[in-house]
Amino acid sequence: MALLDVDELAVTFARRGQRTVHAVDGVSFSVDAGEVTGLVGESGCGKSVTSLAIMGLLPAGKGVRVQGKAAFDGTDLLQLDPRAMRDVRGRDVAMIFQDPLSSLNPVVPIGVQVTEVLVRHRGMRGEAARLEAEHLLDRVGIPDPTRRLKEYPHQLSGGMRQRALIAMAVACQPRLLIADEPTTALDVTIQAQILELLKDLVRESGTALVMITHDLGVVAGMCDTINVLYGGRVVETARRRPLFAAPRHPYTVGLLGSIPRLDAGHGQRLRPIPGSVRDLLPWPDGCAFAPRCARQVDACLGTAPQLLREPDGHAFRCVNPPETDHTGEAAGE
C-alpha cells in the first residue's frame, strides 16, 4: 500500500451569482515512502489547491466543496475532524509553502515559530526546545543559528526564510512532506541548495516528498514519478525517464519545449505554448487543452478523453498523442 493514495480528488468553489469553478477535477496519484512525486503544470492547473485539500487547509464552508479520497497510511485525511487533522498536520504530514515571507509571522521571532512545532507535537519545553530549534536551523544550513532564532523574518534573506520554513516542516520528522514551489522566489544558486537539501532529507529519513512546481527542469533532477496537471486533471503520468524521453501529451511536449536548453543552437527560439491557462474547455465538452493544442482533431471535442495506460505504466489523456520514433523521442514536435 502506498503511503499516500489520492483517489478522484475534486475541489469546487461556488459563489452566488458566479459560475462554479472546478479547481481540481478528479486527480489521482500515489506516493510511496522514500519516493519523490512531482505535480507539474502552469499556474491555475490545480496543483496548490490539491495540496491544500490534502492538508485540510481550505476554508471550511464558504462555497468550498471537497470530494474524493486522500488516504495516508490507510486513514482518509479528508474524513478527519479538525482536531484530529491538527494532530496529524505537522507531525506526520507537513508542508513547505510557496512564499516564506507571507507564510512566516512577521511580528514573531523565528525561534518562537520553530519551537511552537516542537511544543505542540513533541512536548518539548524551555531549553530543550531551544536547543532542538538551533539544531534544526543548523541542519538546514542557516549559519549562526543561535542568533537567527532571535531575529524576525524580515531580517533574514529569502533563502534563509525558505530554510526556516523547511526546518519547521521537518521538526517532527514527518513521513510525508509536501513542497509547494519551494524555489520560486529564489535565485538559481539558492534554488540548487534548497533542492539538494530536500533530496538529503528524503534520502536520510525515508520521507515521501510531493514536489509541486511549474518547472520541469526542477523535477528532472528530483522526482521519481511525474504527474502533469492541466485544467484540474492529470493529463500525463510516468516515471521520470520515460516522460522526458517520450512525452505522450501535447501539453507535456509544450512544457518541455518552453525550457531553455544548453545544447540549443545559436539563435534557436523557445517554443512557448500559445494562449493561456484560461483558454480551456470544460472537461465534459472535450479535452480542456484543445483550444491551445496544435494536434487538435474532431475527436478532441464532445467528450472528455480517458486516461490511457500503456504496459510500462506510462499514462496519458489524449486521443491524438505525439508519435515516438525508434529512439523513444517524440517525433515531429
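Side-chain contact between P321 and R248: present, with at least one pair of heavy atoms (C-beta onward) separated by less than 4.5 Å. At least one side-chain heavy atom of H314 sits less than 4.5 Å from a side-chain heavy atom of E236. Between P250 and C318 there is a side-chain heavy-atom pair separated by less than 4.5 Å. Looking only at side-chain heavy atoms (C-beta outward), L52 and M95 come within less than 4.5 Å of each other. Inter-residue side-chain proximity for L229 and V40 is flagged as unmet; no heavy-atom pair is nearer than 4.5 Å.
Not one N or O on the side chain of E35 forms a donor-acceptor pair closer than 3.5 Å with the backbone of D224. Remark: side-chain polar atoms of R122 are paired, donor with acceptor, to backbone N or O of A171 under 3.5 angstrom.
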Steps toward side-chain contact (heavy atoms from CB on, under 4.5 Å) verdict (L136, L118): CA-CA 11 Å; L136 288 167; L118 302 173; 4.2 Å; yes
Can you list, pair by pair, the side-chain donor-acceptor contacts under 3.5 Å of residues 274-290, counting residues two or more places apart and other chains?
{"from": "S276", "atom 1": "OG", "to": "R278", "atom 2": "N", "distance (Å)": "3.3"}
{"from": "D279", "atom 1": "OD2", "to": "S276", "atom 2": "N", "distance (Å)": "2.9"}
{"from": "W283", "atom 1": "NE1", "to": "G231", "atom 2": "O", "distance (Å)": "3.0"}

Below 3.5 Å, can you tabulate the donor-acceptor pairs from side chains in residues 12-33 to any protein atom, sequence neighbours excluded?
{"from": "D25", "atom 1": "OD2", "to": "R233", "atom 2": "NE", "distance (Å)": "3.3"}
{"from": "D25", "atom 1": "OD2", "to": "R233", "atom 2": "NH2", "distance (Å)": "3.3"}
{"from": "S28", "atom 1": "OG", "to": "E8", "atom 2": "N", "distance (Å)": "2.8"}

Got a list of side-chain donor-acceptor pairs under 3.5 Å for residues 158-165, not counting sequence neighbours?
{"from": "R161", "atom 1": "NH1", "to": "P153", "atom 2": "O", "distance (Å)": "3.2"}
{"from": "R161", "atom 1": "NH1", "to": "L156", "atom 2": "O", "distance (Å)": "2.6"}
{"from": "Q162", "atom 1": "NE2", "to": "P182", "atom 2": "O", "distance (Å)": "2.6"}
{"from": "R163", "atom 1": "NH1", "to": "V140", "atom 2": "O", "distance (Å)": "2.6"}
{"from": "R163", "atom 1": "NH2", "to": "Q193", "atom 2": "OE1", "distance (Å)": "2.7"}

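With sequence neighbours excluded, no residue forms a side chain to side chain donor-acceptor pair (under 3.5 Å) with Q155. Under the side chain to side chain donor-acceptor pair (under 3.5 Å) criterion, R240 pairs with no residue at all, not counting sequence neighbours. Taking E204 as the reference, R139, D200 meet the side-chain contact (heavy atoms from CB on, under 4.5 Å) condition, with sequence neighbours excluded. In terms of the side chain to side chain donor-acceptor pair (under 3.5 Å) criterion, residue partners of N320 (sequence neighbours excluded) are, by chain and number, R295. Every side-chain contact (heavy atoms from CB on, under 4.5 Å) that A84 has, sequence neighbours left out, goes to L80, D81. In this view, R86 and P82, R83, R89, R120 satisfy the side-chain contact (heavy atoms from CB on, under 4.5 Å) rule, not counting sequence neighbours. For D215, the side-chain contact (heavy atoms from CB on, under 4.5 Å) test picks out T213, V218, with sequence neighbours left out.
The aromatic rings of Y251 and H249 sit perpendicular, their planes meeting at an angle over 60°, well past the 30° parallel limit.
Closest non-hydrogen pair, C223 versus M211, comes out as SG-CB, 4.1 Å. Between T207 and L201, the shortest heavy-atom distance links the atoms OG1-O, 4.4 Å. The two residues L177 and A169 have their closest heavy-atom pair at CD1-CB, 3.7 Å. Nearest heavy atoms, P247 versus T252: CB-CG2, 3.8 Å. Here the closest non-hydrogen pair linking A129 and T115 is O-CG2, 3.6 Å. Pairing each heavy atom of E42 with each of K47, the nearest pair is O-NZ, 3.1 Å.
Listed by first and then second residue, the salt bridge (Lys or Arg N to Asp or Glu O under 4.0 Å) pairs involving residues 101-112 amount to none (not counting sequence neighbours). Applying the ring pair (Phe, Tyr, Trp, His ring centres under 6.0 Å) test to every pair with at least one member in residues 72-131, sequence neighbours left out, gives no pairs at all.
Linking Ile, Leu, Val, Met, Phe, Trp and Tyr whenever their side-chain heavy atoms come within less than 4.5 Å leaves L307 and V228 in two separate clusters. L57 and V88 fall within a single hydrophobic cluster, where Ile, Leu, Val, Met, Phe, Trp and Tyr side chains are chained together by heavy-atom contacts under 4.5 Å. V36 is not connected to V6 by any chain of hydrophobic side-chain contacts under 4.5 Å among Ile, Leu, Val, Met, Phe, Trp and Tyr, and they are in different clusters. The hydrophobic cluster containing L78 also contains L39, counting ILVMFWY residues as joined when their side-chain heavy atoms lie under 4.5 angstrom apart, directly or transitively. No continuous path of hydrophobic side-chain contacts links V234 to Y230 [ILVMFWY only; heavy atoms under 4.5 Å].
L104 CG to I110 CD1: the interatomic distance, rounded to the nearest 0.5 Å, is 5.0 Å. One distance of note links CG of L137 with CE of M168; it measures 10.5 Å at 0.5 Å rounding. In this structure, the separation between CD1 on I96 and CD1 on I166 is 4.5 Å, given to the nearest 0.5 Å. Taken from CD1 in I273 to CG in L255, the straight-line distance is 4.5 Å, to the nearest 0.5 Å. A distance of 10.0 Å separates CD of Q79 from CG of L77, quoted to the nearest 0.5 Å. Here C172 contributes atom SG and D92 contributes atom CG; the two are 9.0 Å apart, rounded to the nearest 0.5 Å.
The pair E310-R239 does not meet the salt-bridge criterion, since no charged nitrogen lies less than 4.0 angstrom from a carboxylate oxygen.
For E132, the CD atom sits in a packed shell: over 12 heavy atoms of surrounding residues, nucleotides or ligands are nearer than 6.0 Å. Crowding of K69 atom NZ: a count of heavy atoms from other residues, nucleotides or ligands under 6.0 Å not exceeding 12. Applying the 6.0 Å contact sphere to CZ of R147 captures more than 12 heavy atoms from other residues, nucleotides or ligands.
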